[in-house]
Amino acid sequence: MSASGAKKPSNPNAGHRERLRKRFLSQGLDAFAEHEVLELLLFYCYPRCDTKKIAKKMLAAFGSLHNLFEADTKTLVATLGCTENVAVFLSLIPAFANRYFRSKHGEKIILEDEKSAGAYAIDLFVGETVEKFYVLCLDAQFRLINTVLVSRGTVGEAAVYPREVIRAAIQNHAASIILLHNHPGGTLRPSHGDLETTRCIAEIADPLYIDVIDHIIAVGDTYYSFAARKQHVLGYR
């Protein structure tokens, strides 16, 4: 009780939190600034603190939401001085997003053009901090049979062996394949190695009656399609 006899509020930030929640429920996240998105998430880590200050401090340290979410837990703890539980919570966000999108797409989606393949690639690589190379195995109707990870590398590169790509295609009885990989460093343009790898895989696949119809490079929320530029692939037919 205060000297006047009035009871102090149990959480001085409760009113602000409720207003932010109502904004989200009525408007979604599109109208939120980055620090407000993070502030809303941090409600579930800090039940009584002023999460606006904490959110702004985190963004100042990492520069953006994606840099923050993609940092490993040890870096988060060392940089922010937060608990391991908070660091794990932040690290889970891109992992959950990736799992959500893979569940959303399902197992029998149709990838019949560069737009559908590009969208699938963007979703598949959400939150990835290292380069990965996948082969999408398709049937004769361009329905996805399987998504096979053939290489996992570093931030800058992933070693790809054409025989592993062809093996995945044969094992999954693929009529055609789409190659996918990401560039975590942010460069959308394919490297010389990307071009040579694509050409090599297409040459090996051709006598086996396996069509290489595209190679998609995903960077953030955009992508590069080899088929769109008629580079070493047959394209969608």
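Residues: numbered from 1 along the sequence shown.
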Closest non-hydrogen atom pair between L80 and A61, with its separation: CD2-CB, 4.0 Å
So, does D211 use its side chain to make a donor-acceptor pair with the main chain of I213 at under 3.5 Å? no
From I110 atom CD1 to D139 atom CG, the distance as rounded to the nearest 0.5 Å: 8.5 Å
Would you please test S64 and L59 for side chain to side chain contact (heavy atoms under 4.5 Å, CB included) and show each step? CA-CA 6 Å; S64 67; L59 288 174; 5.6 Å; no
To the nearest 0.5 Å, atom OH of Y161 lies from atom SG of C200 at 13.0 Å
Ignoring hydrogens and geometry, is there a side-chain-to-backbone donor-acceptor pair from N146 to V148 under 3.5 Å? no
With rounding to the nearest 0.5 angstrom, report the CG to CG distance, L65 to L90. 10.0 Å
More than 12 foreign heavy atoms under 6.0 Å from CZ of F43: is that the case here? yes
Is there side-chain contact between T51 and R17, with heavy atoms separated by less than 4.5 Å? yes
Would you say Q231 and Y224 make side-chain contact, with heavy atoms under 4.5 Å? yes
Using 0.5 Å steps for rounding, measure from the CD atom of E128 to the CG atom of N182. 6.5 Å
P94 and F125, any side-chain heavy atoms less than 4.5 Å apart: no
Restricting to side-chain hydrogen bond (donor to acceptor under 3.5 Å, both in side chains), what partner residues turn up for S191, sequence neighbours left out? D194
Answer yes if V212 and Y209 sit in the same cluster of Ile, Leu, Val, Met, Phe, Trp and Tyr residues linked by side chain heavy atoms under 4.5 Å apart, and no otherwise. no
Please list all pairs meeting salt bridge (Lys or Arg N to Asp or Glu O under 4.0 Å) that have one or both residues in residues 183-193, counting only residues at least two apart or in different chains. none
Give the minimum heavy-atom separation between I210 and A169, together with the two atoms involved. CD1-CB, 3.9 Å
Are the side chain of D214 and the backbone of F226 linked by a donor-acceptor contact shorter than 3.5 Å? yes
Please step through side chain to side chain contact (heavy atoms under 4.5 Å, CB included) for the pair R143 and L138, ending with a clear verdict. CA-CA 5 Å; R143 292 179 299 188; L138 311 179; over 6 Å; no
At their closest point, which heavy atom of H183 faces which heavy atom of T187, and how far apart are they? ND1-O, 2.5 Å
T83 side chain to V86 main-chain N or O, any donor-acceptor pair under 3.5 Å? yes
Set out, in order, the CA-CA distance, both residues' side-chain angles and the distance that settles side chain to side chain contact (heavy atoms under 4.5 Å, CB included) for L136 and L144, then state yes or no. CA-CA 7 Å; L136 305 186; L144 181 64; 3.9 Å; yes
Let me confirm one number: the OG1-CD1 distance from T147 to I178, rounded to the nearest 0.5 Å. 9.5 Å
Any side-chain heavy atom of I54 within less than 4.5 Å of one from C49? yes
What's the verdict on side chain to side chain contact (heavy atoms under 4.5 Å, CB included) for S91 and D72, showing C-alpha distance, side-chain angles and the deciding distance? CA-CA 7 Å; S91 297; D72 61 71; 5.9 Å; no
If hydrophobic clusters are built by linking Ile, Leu, Val, Met, Phe, Trp and Tyr wherever their side-chain heavy atoms come under 4.5 Å apart, do I170 and L234 end up in the same one? no
Under the 3.5 angstrom rule, does the side chain of R152 hit a backbone N or O of F133 as a donor-acceptor pair? no
Mind checking salt bridge (Lys or Arg N to Asp or Glu O under 4.0 Å) for R21 and listing every partner two or more places apart, or none if nothing turns up? E18
Within the structure provided, determine whether K56 and L38 are in side-chain contact (heavy-atom separation under 4.5 Å). no
Considering non-hydrogen atoms only, spot the tightest contact between F32 and F24 and give its length. CZ-N, 3.6 Å
Pairwise salt bridge (Lys or Arg N to Asp or Glu O under 4.0 Å) hits with a residue in residues 80-94, at least two apart: none
If I compare all heavy atoms of E114 with all of A228, which pair ends up nearest, and what's the gap? OE1-CB, 3.1 Å
Can you see which heavy atom on P207 is nearest to which on I204, and at what distance? CD-O, 3.3 Å
By the salt bridge (Lys or Arg N to Asp or Glu O under 4.0 Å) test, which pairs, at least two apart or in different chains, include something from residues 32-44? R23-E36
So, does N172 use its side chain to make a donor-acceptor pair with the main chain of A168 at under 3.5 Å? yes
Do side-chain atoms of T197 reach the backbone of G193 as a donor and acceptor pair under 3.5 angstrom? yes
Answer with yes or no whether the hydrophobic clustering places I93 together with V77; edges join I, L, V, M, F, W, Y residues whose side-chain heavy atoms lie under 4.5 Å apart. no
Donor-acceptor contacts under 3.5 Å from residues 215-223 side chains, at least two apart:
| unit_1 | atom_1 | unit_2 | atom_2 | d |
| --- | --- | --- | --- | --- |
| H215 | ND1 | T198 | OG1 | 2.7 |
| H215 | NE2 | H181 | ND1 | 2.8 |

Can you measure from CZ (F69) to CG (L41) and round to the nearest 0.5 angstrom? 5.5 Å
With heavy-atom distances below 4.5 Å as the criterion, would you say the side chains of L180 and L124 are in contact? yes
